[in-house]
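One structure is given here, and the rest of the page talks about it.
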2 protein chains.
Amino acid sequence: MIKLTSAEENYLKAVYHLSEEGKKNVSTNDISAEMKTKPASVSDMLRKLSEKQVIDYRKYYGVNITEEGKKYALQVIRKHRLWEVFLVEKLRFAWDEVHEVAEELEHIKSPILIQRLDEFLGHPKFDPHGDPIPDEFGDVKARPRLPLNELELNDGGQIVAVKDSSAAFLRYLDKVGAYIGARIKVLDKVEFDGSLEILVDNKKTLFMSKDVAANILVLQQ
Amino acid sequence: MIKLTSAEENYLKAVYHLSEEGKKNVSTNDISAEMKTKPASVSDMLRKLSEKQVIDYRKYYGVNITEEGKKYALQVIRKHRLWEVFLVEKLRFAWDEVHEVAEELEHIKSPILIQRLDEFLGHPKFDPHGDPIPDEFGDVKARPRLPLNELELNDGGQIVAVKDSSAAFLRYLDKVGAYIGARIKVLDKVEFDGSLEILVDNKKTLFMSKDVAANILVLQQ
DNA sequence: ATATAAATTTAGATATGGCTAAATAAATAT
DNA sequence: ATATTTATTTAGCCATATCTAAATTTATAT
Ligand SMILES: [Mn+2]
Ligand SMILES: [Mn+2]
Ligand SMILES: [Mn+2]
Ligand SMILES: [Mn+2]
(Lines give C-alpha, C1' and ligand atoms only; values in the text may rest on other atoms or scores of the structure.)
(Ligands and ions follow the chains in the order given, each with its own letter.)
Protein backbone atom coordinates (compact mmCIF):
# COMPACT_ATOMS: atom_id res chain seq x y z
CA MET A 1 0.00 0.00 0.00
CA ILE A 2 1.70 3.18 -1.18
CA LYS A 3 1.10 6.49 0.55
CA LEU A 4 0.08 9.61 -1.31
CA THR A 5 0.49 13.17 -0.04
CA SER A 6 -2.47 15.55 -0.26
CA ALA A 7 -0.89 17.26 -3.26
CA GLU A 8 -0.39 13.91 -4.98
CA GLU A 9 -4.02 13.00 -4.28
CA ASN A 10 -5.20 16.27 -5.80
CA TYR A 11 -3.16 15.77 -8.95
CA LEU A 12 -4.22 12.15 -9.28
CA LYS A 13 -7.85 13.18 -8.97
CA ALA A 14 -7.29 15.76 -11.72
CA VAL A 15 -5.77 13.11 -13.99
CA TYR A 16 -8.71 10.82 -13.23
CA HIS A 17 -11.32 13.47 -14.02
CA LEU A 18 -9.58 14.50 -17.24
CA SER A 19 -9.30 10.83 -18.24
CA GLU A 20 -13.02 10.35 -17.68
CA GLU A 21 -13.71 13.15 -20.11
CA GLY A 22 -12.64 10.80 -22.84
CA LYS A 23 -9.08 12.01 -23.37
CA LYS A 24 -6.59 9.23 -23.99
CA ASN A 25 -3.31 10.90 -23.14
CA VAL A 26 -3.95 13.63 -20.61
CA SER A 27 -1.63 16.53 -21.31
CA THR A 28 0.56 18.48 -18.94
CA ASN A 29 -1.17 21.71 -19.93
CA ASP A 30 -4.63 20.28 -19.25
CA ILE A 31 -3.55 19.21 -15.78
CA SER A 32 -1.90 22.57 -15.24
CA ALA A 33 -5.15 24.34 -16.14
CA GLU A 34 -7.22 22.04 -13.92
CA MET A 35 -4.87 22.41 -10.94
CA LYS A 36 -4.13 26.10 -11.45
CA THR A 37 -0.40 25.43 -11.20
CA LYS A 38 2.33 25.92 -13.79
CA PRO A 39 3.20 23.24 -16.35
CA ALA A 40 6.67 22.95 -14.80
CA SER A 41 5.12 21.96 -11.48
CA VAL A 42 2.96 19.40 -13.25
CA SER A 43 5.94 17.75 -14.95
CA ASP A 44 7.57 17.36 -11.56
CA MET A 45 4.48 15.85 -10.01
CA LEU A 46 3.94 13.47 -12.93
CA ARG A 47 7.40 12.04 -12.34
CA LYS A 48 6.47 11.34 -8.70
CA LEU A 49 3.08 9.83 -9.51
CA SER A 50 4.72 7.72 -12.18
CA GLU A 51 7.29 6.39 -9.69
CA LYS A 52 4.42 5.42 -7.41
CA GLN A 53 2.85 3.66 -10.39
CA VAL A 54 -0.52 5.36 -10.17
CA ILE A 55 -0.06 6.78 -13.67
CA ASP A 56 1.68 5.70 -16.88
CA TYR A 57 3.87 8.54 -18.02
CA ARG A 58 5.78 8.90 -21.28
CA LYS A 59 7.57 12.23 -21.43
CA TYR A 60 6.07 14.68 -23.91
CA TYR A 61 3.18 12.29 -24.67
CA GLY A 62 0.91 12.77 -21.69
CA VAL A 63 -0.28 10.39 -19.00
CA ASN A 64 -2.84 7.67 -18.45
CA ILE A 65 -4.07 6.65 -15.03
CA THR A 66 -3.33 3.03 -14.05
CA GLU A 67 -5.87 0.61 -12.56
CA GLU A 68 -4.11 1.04 -9.22
CA GLY A 69 -4.26 4.80 -9.65
CA LYS A 70 -7.99 4.67 -10.36
CA LYS A 71 -8.57 2.93 -7.04
CA TYR A 72 -6.80 5.67 -5.13
CA ALA A 73 -8.52 8.44 -7.08
CA LEU A 74 -11.93 6.89 -6.50
CA GLN A 75 -11.38 6.67 -2.75
CA VAL A 76 -10.48 10.38 -2.61
CA ILE A 77 -13.53 11.20 -4.73
CA ARG A 78 -15.66 9.04 -2.43
CA LYS A 79 -14.45 11.01 0.58
CA HIS A 80 -14.92 14.33 -1.16
CA ARG A 81 -18.52 13.58 -2.08
CA LEU A 82 -19.47 12.05 1.26
CA TRP A 83 -18.19 15.16 3.03
CA GLU A 84 -20.18 17.32 0.61
CA VAL A 85 -23.32 15.40 1.54
CA PHE A 86 -22.50 15.84 5.21
CA LEU A 87 -22.06 19.58 4.84
CA VAL A 88 -25.34 20.03 2.96
CA GLU A 89 -27.52 17.49 4.76
CA LYS A 90 -26.26 17.92 8.30
CA LEU A 91 -24.67 21.36 8.49
CA ARG A 92 -27.08 23.19 6.17
CA PHE A 93 -24.41 24.37 3.75
CA ALA A 94 -25.65 25.54 0.37
CA TRP A 95 -24.52 23.41 -2.56
CA ASP A 96 -22.27 26.20 -3.76
CA GLU A 97 -20.41 26.42 -0.44
CA VAL A 98 -19.20 22.85 -0.02
CA HIS A 99 -16.58 22.29 -2.65
CA GLU A 100 -13.60 24.09 -1.10
CA VAL A 101 -14.12 22.66 2.36
CA ALA A 102 -14.55 19.15 0.93
CA GLU A 103 -11.33 19.73 -0.97
CA GLU A 104 -9.60 19.83 2.43
CA LEU A 105 -11.68 17.23 4.25
CA GLU A 106 -11.10 14.62 1.53
CA HIS A 107 -7.48 14.28 2.65
CA ILE A 108 -8.16 13.26 6.24
CA LYS A 109 -6.63 9.81 6.61
CA SER A 110 -8.88 7.48 8.59
CA PRO A 111 -10.64 4.45 7.11
CA ILE A 112 -12.98 4.13 10.08
CA LEU A 113 -13.93 7.80 9.80
CA ILE A 114 -15.14 7.50 6.25
CA GLN A 115 -16.89 4.21 6.88
CA ARG A 116 -18.78 5.69 9.84
CA LEU A 117 -19.54 8.89 7.98
CA ASP A 118 -21.06 6.85 5.14
CA GLU A 119 -23.19 4.97 7.67
CA PHE A 120 -24.19 8.18 9.45
CA LEU A 121 -25.34 9.68 6.17
CA GLY A 122 -27.32 6.56 5.26
CA HIS A 123 -25.05 5.41 2.44
CA PRO A 124 -25.90 8.21 0.02
CA LYS A 125 -25.50 7.38 -3.67
CA PHE A 126 -25.11 10.92 -5.02
CA ASP A 127 -23.52 14.13 -3.83
CA PRO A 128 -25.23 17.55 -3.76
CA HIS A 129 -24.18 18.18 -7.36
CA GLY A 130 -25.69 14.90 -8.56
CA ASP A 131 -22.35 13.13 -8.91
CA PRO A 132 -22.29 9.45 -7.96
CA ILE A 133 -20.46 8.40 -4.78
CA PRO A 134 -18.14 5.43 -5.34
CA ASP A 135 -18.61 2.63 -2.81
CA GLU A 136 -15.82 1.39 -0.57
CA PHE A 137 -14.56 -0.82 -3.41
CA GLY A 138 -14.51 2.04 -5.88
CA ASP A 139 -17.59 0.89 -7.76
CA VAL A 140 -19.61 3.75 -9.20
CA LYS A 141 -23.26 3.50 -10.12
CA ALA A 142 -23.35 5.73 -13.15
CA ARG A 143 -26.66 7.18 -14.28
CA PRO A 144 -27.06 7.89 -17.98
CA ARG A 145 -27.07 11.64 -18.33
CA LEU A 146 -26.46 14.18 -21.03
CA PRO A 147 -25.97 17.91 -21.31
CA LEU A 148 -29.24 19.79 -21.53
CA ASN A 149 -28.14 21.54 -24.74
CA GLU A 150 -28.06 18.16 -26.49
CA LEU A 151 -31.78 17.57 -25.99
CA GLU A 152 -34.03 18.10 -29.02
CA LEU A 153 -37.01 20.39 -29.20
CA ASN A 154 -39.85 19.06 -27.01
CA ASP A 155 -37.61 16.50 -25.33
CA GLY A 156 -38.28 16.11 -21.63
CA GLY A 157 -36.26 14.90 -18.69
CA GLN A 158 -35.04 15.54 -15.21
CA ILE A 159 -32.04 17.51 -14.01
CA VAL A 160 -29.75 14.97 -12.32
CA ALA A 161 -26.42 16.75 -12.00
CA VAL A 162 -24.30 19.78 -12.83
CA LYS A 163 -21.02 19.66 -14.70
CA ASP A 164 -19.64 22.90 -13.28
CA SER A 165 -19.68 23.01 -9.47
CA SER A 166 -18.40 26.56 -9.14
CA ALA A 167 -20.18 28.82 -6.69
CA ALA A 168 -20.91 31.32 -9.46
CA PHE A 169 -22.71 28.75 -11.61
CA LEU A 170 -24.60 27.14 -8.74
CA ARG A 171 -25.79 30.46 -7.39
CA TYR A 172 -27.02 31.34 -10.87
CA LEU A 173 -29.02 28.11 -10.94
CA ASP A 174 -30.44 28.91 -7.50
CA LYS A 175 -31.45 32.34 -8.72
CA VAL A 176 -33.29 31.10 -11.80
CA GLY A 177 -34.82 28.17 -9.93
CA ALA A 178 -33.03 25.23 -11.54
CA TYR A 179 -32.20 22.42 -9.14
CA ILE A 180 -31.39 18.74 -9.09
CA GLY A 181 -34.57 16.73 -9.42
CA ALA A 182 -36.42 19.40 -11.43
CA ARG A 183 -38.48 18.10 -14.35
CA ILE A 184 -37.75 19.97 -17.54
CA LYS A 185 -38.90 20.17 -21.14
CA VAL A 186 -37.28 21.93 -24.09
CA LEU A 187 -39.76 24.51 -25.39
CA ASP A 188 -37.44 26.18 -27.86
CA LYS A 189 -33.92 25.99 -29.24
CA VAL A 190 -32.61 29.15 -30.87
CA GLU A 191 -30.68 28.22 -33.97
CA PHE A 192 -28.60 31.40 -33.96
CA ASP A 193 -26.74 30.95 -30.65
CA GLY A 194 -27.95 27.60 -29.34
CA SER A 195 -29.76 29.17 -26.39
CA LEU A 196 -32.80 27.38 -25.01
CA GLU A 197 -36.21 27.97 -23.55
CA ILE A 198 -36.98 25.42 -20.87
CA LEU A 199 -40.16 24.54 -19.01
CA VAL A 200 -39.38 23.75 -15.39
CA ASP A 201 -41.73 21.55 -13.30
CA ASN A 202 -44.54 22.37 -15.72
CA LYS A 203 -44.71 25.73 -14.03
CA LYS A 204 -42.32 28.34 -15.26
CA THR A 205 -40.20 28.89 -18.30
CA LEU A 206 -36.53 29.68 -18.29
CA PHE A 207 -34.20 31.09 -20.91
CA MET A 208 -30.60 30.00 -20.81
CA SER A 209 -27.50 30.25 -22.96
CA LYS A 210 -26.01 27.18 -24.59
CA ASP A 211 -23.06 27.50 -22.18
CA VAL A 212 -25.33 27.25 -19.18
CA ALA A 213 -27.28 24.35 -20.69
CA ALA A 214 -24.05 22.48 -21.42
CA ASN A 215 -23.33 22.44 -17.68
CA ILE A 216 -26.71 21.04 -16.71
CA LEU A 217 -26.94 17.27 -16.97
CA VAL A 218 -30.28 15.59 -17.51
CA LEU A 219 -31.75 12.14 -17.49
CA GLN A 220 -33.81 12.00 -20.65
CA GLN A 221 -37.36 10.71 -20.20
CA MET B 1 -5.24 38.64 10.66
CA ILE B 2 -2.09 36.54 10.37
CA LYS B 3 -2.21 33.08 8.87
CA LEU B 4 -0.76 30.06 10.64
CA THR B 5 0.22 26.83 8.94
CA SER B 6 -0.94 23.53 10.46
CA ALA B 7 2.52 22.96 11.89
CA GLU B 8 2.53 26.40 13.45
CA GLU B 9 -0.92 25.76 14.94
CA ASN B 10 0.29 22.51 16.47
CA TYR B 11 3.32 24.14 18.04
CA LEU B 12 1.30 27.08 19.31
CA LYS B 13 -1.17 24.69 20.91
CA ALA B 14 1.72 22.89 22.59
CA VAL B 15 3.06 26.18 23.96
CA TYR B 16 -0.43 27.06 25.18
CA HIS B 17 -0.92 23.72 26.95
CA LEU B 18 2.51 23.86 28.58
CA SER B 19 1.85 27.44 29.68
CA GLU B 20 -1.43 26.37 31.27
CA GLU B 21 0.45 23.84 33.36
CA GLY B 22 1.81 26.75 35.30
CA LYS B 23 5.22 27.08 33.70
CA LYS B 24 6.32 30.68 33.16
CA ASN B 25 8.96 30.28 30.50
CA VAL B 26 8.19 27.24 28.43
CA SER B 27 11.43 25.55 27.43
CA THR B 28 12.55 24.33 24.05
CA ASN B 29 13.04 20.83 25.42
CA ASP B 30 9.53 20.71 26.89
CA ILE B 31 8.05 21.68 23.55
CA SER B 32 10.29 19.19 21.81
CA ALA B 33 9.03 16.42 24.12
CA GLU B 34 5.40 17.44 23.65
CA MET B 35 5.70 17.65 19.87
CA LYS B 36 7.95 14.62 19.44
CA THR B 37 10.33 16.65 17.31
CA LYS B 38 13.98 17.57 17.95
CA PRO B 39 14.95 20.69 19.91
CA ALA B 40 16.62 22.10 16.78
CA SER B 41 13.30 21.98 14.96
CA VAL B 42 11.63 23.71 17.89
CA SER B 43 14.13 26.58 17.88
CA ASP B 44 13.38 27.11 14.23
CA MET B 45 9.63 27.13 14.77
CA LEU B 46 9.90 29.47 17.78
CA ARG B 47 11.59 32.02 15.55
CA LYS B 48 8.67 31.82 13.11
CA LEU B 49 5.99 32.03 15.80
CA SER B 50 7.84 34.93 17.38
CA GLU B 51 7.90 36.80 14.06
CA LYS B 52 4.15 36.30 13.82
CA GLN B 53 3.91 37.69 17.37
CA VAL B 54 1.92 34.82 18.82
CA ILE B 55 4.72 34.15 21.32
CA ASP B 56 7.32 36.19 23.18
CA TYR B 57 10.69 34.58 22.63
CA ARG B 58 13.98 35.41 24.28
CA LYS B 59 16.71 33.09 23.08
CA TYR B 60 17.87 30.58 25.71
CA TYR B 61 15.16 31.73 28.15
CA GLY B 62 12.07 30.04 26.81
CA VAL B 63 8.81 31.39 25.49
CA ASN B 64 5.54 32.83 26.70
CA ILE B 65 2.39 32.88 24.63
CA THR B 66 1.02 36.35 23.83
CA GLU B 67 -2.61 37.41 24.24
CA GLU B 68 -2.93 37.27 20.46
CA GLY B 69 -1.37 33.81 20.47
CA LYS B 70 -3.81 32.60 23.10
CA LYS B 71 -6.71 33.55 20.86
CA TYR B 72 -5.36 31.49 17.99
CA ALA B 73 -4.52 28.54 20.23
CA LEU B 74 -8.00 28.57 21.77
CA GLN B 75 -9.67 28.53 18.38
CA VAL B 76 -7.66 25.48 17.35
CA ILE B 77 -8.49 23.82 20.67
CA ARG B 78 -12.13 24.69 20.16
CA LYS B 79 -12.11 23.00 16.77
CA HIS B 80 -10.23 19.98 18.09
CA ARG B 81 -12.72 19.39 20.89
CA LEU B 82 -15.83 20.03 18.79
CA TRP B 83 -14.63 17.47 16.26
CA GLU B 84 -13.99 15.01 19.10
CA VAL B 85 -17.56 15.46 20.25
CA PHE B 86 -18.77 14.92 16.69
CA LEU B 87 -16.80 11.71 16.32
CA VAL B 88 -18.07 10.28 19.60
CA GLU B 89 -21.65 11.54 19.58
CA LYS B 90 -22.45 11.21 15.89
CA LEU B 91 -20.04 8.65 14.49
CA ARG B 92 -19.90 6.32 17.49
CA PHE B 93 -16.14 6.56 17.92
CA ALA B 94 -14.79 5.41 21.28
CA TRP B 95 -13.20 8.15 23.37
CA ASP B 96 -9.78 6.59 22.85
CA GLU B 97 -10.10 6.71 19.04
CA VAL B 98 -10.77 10.39 18.46
CA HIS B 99 -7.60 12.23 19.30
CA GLU B 100 -5.52 11.54 16.19
CA VAL B 101 -8.33 12.23 13.75
CA ALA B 102 -9.23 15.46 15.58
CA GLU B 103 -5.57 16.39 15.37
CA GLU B 104 -6.07 16.56 11.58
CA LEU B 105 -9.61 17.93 11.49
CA GLU B 106 -8.72 20.86 13.75
CA HIS B 107 -6.74 22.43 10.90
CA ILE B 108 -9.58 22.67 8.39
CA LYS B 109 -9.96 26.37 7.65
CA SER B 110 -13.61 27.42 7.50
CA PRO B 111 -15.28 29.69 10.04
CA ILE B 112 -18.75 28.72 8.88
CA LEU B 113 -17.91 25.03 9.20
CA ILE B 114 -17.01 25.26 12.84
CA GLN B 115 -19.93 27.53 13.65
CA ARG B 116 -22.37 25.11 12.02
CA LEU B 117 -20.71 22.09 13.61
CA ASP B 118 -21.09 23.72 17.02
CA GLU B 119 -24.78 24.31 16.31
CA PHE B 120 -25.27 20.79 14.97
CA LEU B 121 -23.77 19.35 18.15
CA GLY B 122 -25.97 21.55 20.36
CA HIS B 123 -23.19 23.84 21.61
CA PRO B 124 -21.44 21.23 23.75
CA LYS B 125 -19.48 22.59 26.71
CA PHE B 126 -17.08 19.67 27.21
CA ASP B 127 -15.30 17.20 24.98
CA PRO B 128 -15.32 13.40 25.45
CA HIS B 129 -12.35 13.65 27.81
CA GLY B 130 -14.09 16.22 30.00
CA ASP B 131 -12.07 19.16 28.71
CA PRO B 132 -13.95 22.44 28.30
CA ILE B 133 -14.70 23.71 24.79
CA PRO B 134 -13.81 27.40 24.35
CA ASP B 135 -16.61 29.47 22.82
CA GLU B 136 -16.21 31.41 19.59
CA PHE B 137 -14.60 34.27 21.52
CA GLY B 138 -12.11 31.96 23.21
CA ASP B 139 -13.83 32.06 26.58
CA VAL B 140 -13.47 28.85 28.55
CA LYS B 141 -15.81 27.78 31.31
CA ALA B 142 -13.37 26.06 33.62
CA ARG B 143 -14.71 23.61 36.20
CA PRO B 144 -12.73 23.25 39.41
CA ARG B 145 -11.10 19.85 39.27
CA LEU B 146 -8.24 18.06 40.93
CA PRO B 147 -6.30 14.85 40.45
CA LEU B 148 -7.95 11.90 42.17
CA ASN B 149 -4.73 11.09 44.07
CA GLU B 150 -5.01 14.42 45.87
CA LEU B 151 -8.30 13.49 47.51
CA GLU B 152 -8.19 12.52 51.19
CA LEU B 153 -9.47 9.29 52.69
CA ASN B 154 -13.29 9.17 52.54
CA ASP B 155 -13.48 12.17 50.24
CA GLY B 156 -16.12 11.85 47.54
CA GLY B 157 -16.65 13.39 44.14
CA GLN B 158 -17.34 12.87 40.48
CA ILE B 159 -14.96 12.07 37.65
CA VAL B 160 -15.11 15.07 35.31
CA ALA B 161 -12.09 14.66 33.06
CA VAL B 162 -8.90 12.79 32.25
CA LYS B 163 -5.47 14.37 32.07
CA ASP B 164 -3.96 11.76 29.77
CA SER B 165 -5.99 11.19 26.59
CA SER B 166 -3.85 8.38 25.21
CA ALA B 167 -5.66 5.33 23.86
CA ALA B 168 -3.76 3.09 26.29
CA PHE B 169 -4.94 5.01 29.34
CA LEU B 170 -8.52 5.45 28.15
CA ARG B 171 -8.89 1.78 27.28
CA TYR B 172 -7.61 0.92 30.73
CA LEU B 173 -10.30 3.13 32.25
CA ASP B 174 -12.92 1.44 30.06
CA LYS B 175 -11.71 -1.93 31.23
CA VAL B 176 -11.92 -1.14 34.92
CA GLY B 177 -15.19 0.75 34.51
CA ALA B 178 -14.10 4.31 35.24
CA TYR B 179 -15.83 6.93 33.12
CA ILE B 180 -16.63 10.60 33.06
CA GLY B 181 -19.62 11.27 35.27
CA ALA B 182 -18.94 8.38 37.64
CA ARG B 183 -19.41 9.12 41.36
CA ILE B 184 -16.44 8.05 43.40
CA LYS B 185 -15.30 7.86 47.00
CA VAL B 186 -11.83 7.20 48.39
CA LEU B 187 -12.02 4.03 50.52
CA ASP B 188 -8.31 3.65 51.13
CA LYS B 189 -4.99 5.33 50.43
CA VAL B 190 -1.95 3.11 50.69
CA GLU B 191 0.81 5.04 52.37
CA PHE B 192 3.59 2.93 50.89
CA ASP B 193 3.05 3.69 47.19
CA GLY B 194 0.17 6.13 47.12
CA SER B 195 -2.19 3.66 45.44
CA LEU B 196 -5.89 3.99 46.11
CA GLU B 197 -9.02 1.99 46.64
CA ILE B 198 -12.01 3.73 45.13
CA LEU B 199 -15.73 3.09 45.38
CA VAL B 200 -17.40 3.71 42.04
CA ASP B 201 -21.10 4.61 41.81
CA ASN B 202 -21.63 3.07 45.26
CA LYS B 203 -21.40 -0.29 43.55
CA LYS B 204 -17.93 -1.63 42.98
CA THR B 205 -14.49 -0.97 44.32
CA LEU B 206 -11.44 -0.30 42.26
CA PHE B 207 -7.72 -0.40 43.01
CA MET B 208 -5.49 1.94 41.12
CA SER B 209 -1.90 3.15 41.23
CA LYS B 210 -1.07 6.72 42.15
CA ASP B 211 0.00 7.27 38.51
CA VAL B 212 -3.42 6.29 37.26
CA ALA B 213 -5.19 8.37 39.89
CA ALA B 214 -3.07 11.39 38.97
CA ASN B 215 -4.54 11.29 35.49
CA ILE B 216 -8.15 11.16 36.63
CA LEU B 217 -9.62 14.58 37.41
CA VAL B 218 -12.48 14.88 39.86
CA LEU B 219 -14.91 17.49 41.03
CA GLN B 220 -14.84 17.19 44.79
CA GLN B 221 -18.22 17.01 46.48
C1' DA C 1 11.86 20.04 -45.72
C1' DT C 2 12.58 23.46 -42.95
C1' DA C 3 11.27 27.28 -40.03
C1' DT C 4 8.39 28.67 -36.51
C1' DA C 5 5.24 27.95 -32.80
C1' DA C 6 3.54 25.40 -29.04
C1' DA C 7 4.09 22.14 -25.48
C1' DT C 8 6.90 20.15 -22.26
C1' DT C 9 10.85 19.38 -19.47
C1' DT C 10 14.93 20.81 -16.91
C1' DA C 11 17.59 23.89 -14.03
C1' DG C 12 17.80 26.66 -10.39
C1' DA C 13 15.34 29.37 -6.87
C1' DT C 14 12.17 29.90 -2.69
C1' DA C 15 9.35 28.40 1.32
C1' DT C 16 8.06 24.99 4.82
C1' DG C 17 9.33 21.63 8.17
C1' DG C 18 11.99 18.14 9.46
C1' DC C 19 16.84 16.05 10.66
C1' DT C 20 22.09 15.56 12.56
C1' DA C 21 26.26 17.49 14.07
C1' DA C 22 28.74 21.32 15.73
C1' DA C 23 28.91 25.57 18.27
C1' DT C 24 27.58 28.25 22.04
C1' DA C 25 25.21 29.76 26.19
C1' DA C 26 23.51 28.72 30.79
C1' DA C 27 23.36 25.90 34.81
C1' DT C 28 25.67 22.97 38.06
C1' DA C 29 29.30 20.87 40.62
C1' DT C 30 33.68 20.77 42.54
C1' DA D 1 36.33 30.42 40.28
C1' DT D 2 36.61 27.24 37.15
C1' DA D 3 35.36 22.94 34.91
C1' DT D 4 31.85 20.07 33.40
C1' DT D 5 27.22 19.05 32.07
C1' DT D 6 22.96 20.35 30.05
C1' DA D 7 20.13 23.17 27.18
C1' DT D 8 19.74 25.66 23.21
C1' DT D 9 20.91 27.52 18.88
C1' DT D 10 23.19 27.53 14.40
C1' DA D 11 24.78 25.46 10.19
C1' DG D 12 24.08 22.52 6.74
C1' DC D 13 21.40 18.81 4.68
C1' DC D 14 16.98 16.47 2.84
C1' DA D 15 12.10 16.17 1.12
C1' DT D 16 7.93 18.34 -0.66
C1' DA D 17 5.73 21.65 -3.51
C1' DT D 18 5.74 25.60 -5.79
C1' DC D 19 7.73 29.20 -9.12
C1' DT D 20 10.47 31.54 -13.37
C1' DA D 21 13.55 31.20 -17.06
C1' DA D 22 15.98 28.46 -20.22
C1' DA D 23 16.42 24.33 -22.94
C1' DT D 24 14.43 20.80 -25.53
C1' DT D 25 11.03 18.18 -27.98
C1' DT D 26 6.97 17.80 -30.79
C1' DA D 27 3.55 19.86 -33.78
C1' DT D 28 2.29 23.06 -37.45
C1' DA D 29 2.72 26.00 -41.37
C1' DT D 30 4.80 27.50 -45.37
MN1 LIG E 1 -8.18 18.30 -2.14
MN1 LIG F 1 -19.55 17.56 -5.78
MN1 LIG G 1 -3.14 19.07 14.81
MN1 LIG H 1 -9.99 15.81 24.07
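We use all heavy atoms of the structure for the numbers below, so side chains are in, but hydrogens, waters and symmetry mates are not.
- Side-chain atoms of A/Asn29 and A/Ser27 include no donor-acceptor pair closer than 3.5 Å.
- Nucleotides of DNA chain D with any atom under 4.0 Å from a heavy atom of chain B span, from 5' to 3', D/dA7 to D/dT10.
- Rounded to whole angstrom, the span from the NZ atom of B/Lys3 across to the P atom of C/dT16 amounts to 15 Å.
- A/Asp211 and A/Ser209 are not linked by any side-chain donor-acceptor pair at a separation below 3.5 angstrom, with hydrogens and angles left out of the test.
- If you measure from atom CD1 of B/Ile2 to atom P of C/dT16, you get 13 Å, rounded to the nearest angstrom.
- Put simply, A/Tyr57 has a side-chain N or O that comes within less than 4.0 Å of OP1 or OP2 on C/dT9.
- Between A/His99 and A/His80, the two ring planes are tilted [angle within 30° to 60°].
- An OP1 or OP2 oxygen of C/dT24 is reached within less than 4.0 angstrom by no side-chain nitrogen or oxygen of B/Lys59.
- DNA chain C is contacted by A/Pro39, A/Ala40, A/Ser43 of residues 32-51 of chain A, taking any non-hydrogen atom closer than 4.0 Å.
- There is no side-chain donor-acceptor pair under 3.5 Å between A/Glu34 and A/His17.
- For B/Lys71 and B/Glu68, the salt-bridge test passes: some basic side-chain N is under 4.0 Å from an acidic carboxylate O.
- Contact of the B/Lys125 side chain with the B/His123 side chain is registered, since non-hydrogen atoms from C-beta on lie closer than 4.5 Å.
- Applying the 6.0 Å contact sphere to CD of A/Gln53 captures no more than 12 heavy atoms from other residues, nucleotides or ligands.
- Salt bridge annotation for B/Arg145-B/Asp131: present, with a cationic side-chain nitrogen under 4.0 angstrom from a carboxylate oxygen.
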